[in-house]
Amino acid sequence: MIVAKLEAVKVLVLGGTADARALAAELHQREGCHVVSSLAGRTSRPTPVPGAVRIGGFGGAEGLTRYLREEAIDVLIDATHPFADSISEHACLSAQAAGVRLIALRRPRWQAQPGDRWTHVADVAEAARVAAVTAPEDGCVFVTTGRQGLENYAGDSRHRYLIRTIEPPTGALPPRCTVVLDRGPFTVEAETALLAKHNVSTLVTKNSGGGSVAAKLVAARRRAIPVILVDPPALPAVAETVETVAEAMAAAGAGERTASEP
Ligand code: NAP
């Protein structure tokens, strides 16, 4: 029996993550697959993505539904960041409305290892409150949760802050603050050196999850630094949920349109 493809499968990857880029690269290589990656447009110089790319919001779930129909998308893969809950919600609603298959790449949360000193919080505002009361007087709080929510730290003059973002922050910042503009991936050695250089006493980060724990968390463990970890929001349940790029590739392949020839 010969199995032949009827037509190209069109896949829309909702991205903005390293996983989404890896997925797009693999799908781009796959014969009979046309991949389009969608980026929100948050960074001025996004990391290049193989295959076609579109940038900017769709205009809510209705806009995404329209896009899926107009572009005749066969498979929608939600490979966005675990904290990007709006777009994941829209992906669910739109896939249902347009009758498009949805695969959700949901990374498993990082789990504490022996030596980790993690305090879990629900959001960035709570992280700021906990940092303000638990960090030692004049200690340095290293904040790596992105640009949004930094105003929560603006009233704290008791501590020094080291803030790392990709794009320059635009809102209010704490009075004693050093901003570092940088984009990962970072090595454990470089993160350990950064913690030592600024004498960091508390790390604030998101539990972004995934295959290997972030280098900054390993560095914090090495230096016995307490971590305030923001837990991800609840995301909508999706029937086809995978945890890795390899699983997403396998799931996407399983749905390819094929026809049997005698
Ligand atoms: P969000 O709150 O879920 O989304 C807000 C709005 O941005 C959405 O309603 C949508 O606009 C637009 N949007 C988000 N992702 C999009 C995408 N991939 N393609 C087209 N439009 C998109 O998301 P967010 O937390 O602001 O994150 C924005 C992007 O940055 C995401 O794609 C995410 O993967 C990436 N990212 C986020 C984080 C984080 O910590 N939040 C970290 C790393 C990377 P419309 O309603 O107009 O369609």
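Remember, it's 1-based here, ligands and their atoms both numbered in the order they're listed.
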CA sep, side-chain torsions, deciding dist, call: Asp78, Leu235, side-chain contact (heavy atoms from CB on, under 4.5 Å): CA-CA 11 Å; Asp78 176 13; Leu235 296 177; 5.8 Å; no
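Shortest contact from atom 26 (O) of ligand 1 to any protein heavy atom: Arg42 NH2, 2.9 Å. Residue, atom and distance of the protein heavy atom nearest to atom 41 (N) of ligand 1 are Phe83 CB, 3.7 Å. Looking from atom 25 (O) of ligand 1 to the surrounding protein, the closest heavy atom is Ala84 CA, 3.6 Å. Of the protein's heavy atoms, His81 CB, 3.6 Å lies nearest to atom 36 (N) of ligand 1.
Here Val227 is tied into one hydrophobic group with Trp110, Trp118, Phe142, Leu162, Val180, Val188, Leu194, Leu195, Val200, Leu203, Val213, Leu217, Val218, Ile225, Leu229, each link being a pair of ILVMFWY side chains closer than 4.5 Å. With a 4.5 Å cut-off between side-chain heavy atoms of Ile, Leu, Val, Met, Phe, Trp and Tyr, the cluster of Val179 takes in Phe83, Val121, Val130, Val141, Val143, Leu150, Tyr153, Tyr161, Ile163, Leu173, Leu181, Val204, Ile228, Val230.
Geometrically, ligand 1 and Leu14 share no nitrogen or oxygen pair separated by less than 3.5 Å. For ligand 1, the polar-atom distance check finds an N/O of Ser38 within less than 3.5 Å of one of the ligand's N/O atoms. Considering backbone and side-chain N/O atoms, Lys206 comes within less than 3.5 Å of an N/O atom of ligand 1.
In this structure, Asp85 counts as a contact residue of ligand 1, since one of its heavy atoms falls inside 4.0 Å of the ligand. At least one heavy atom of Gly59 sits closer than 4.0 Å to an atom of ligand 1. At least one heavy atom of Gly56 sits less than 4.0 Å from an atom of ligand 1.
Residue Arg54 approaches ligand 1 through these ligand atoms, each under 4.0 Å from one of its heavy atoms: 20 (C). Atoms of ligand 1 lying under 4.0 Å from at least one heavy atom of Gly16, given by number and element, are 34 (O), 35 (C), 36 (N), 44 (C). Close approach to Gly60 involves these atoms of ligand 1, each under 4.0 Å from a residue heavy atom: 45 (P), 46 (O), 47 (O), 48 (O).
Proximity of Thr80 to Ser88: side-chain heavy atoms (C-beta onward) are separated by under 4.5 Å at one or more points. Considering only heavy atoms from C-beta on, His34 comes within 4.5 Å of Val36 through its side chain.
Closest approach of Arg101 to Ala252, counting heavy atoms only: NH1-O, 4.0 Å. Considering all non-hydrogen atoms of both residues, Arg45 and Arg183 come closest at O-NH2, 2.5 Å.
Enclosure of atom CD in Glu71 by more than 12 non-hydrogen atoms of other residues, nucleotides or ligands within 6.0 angstrom is indicated.
For the residues Ser94, Gly184, Ser86, the heavy atom positioned nearest atom 4 (O) of ligand 1 is part of Ser86.
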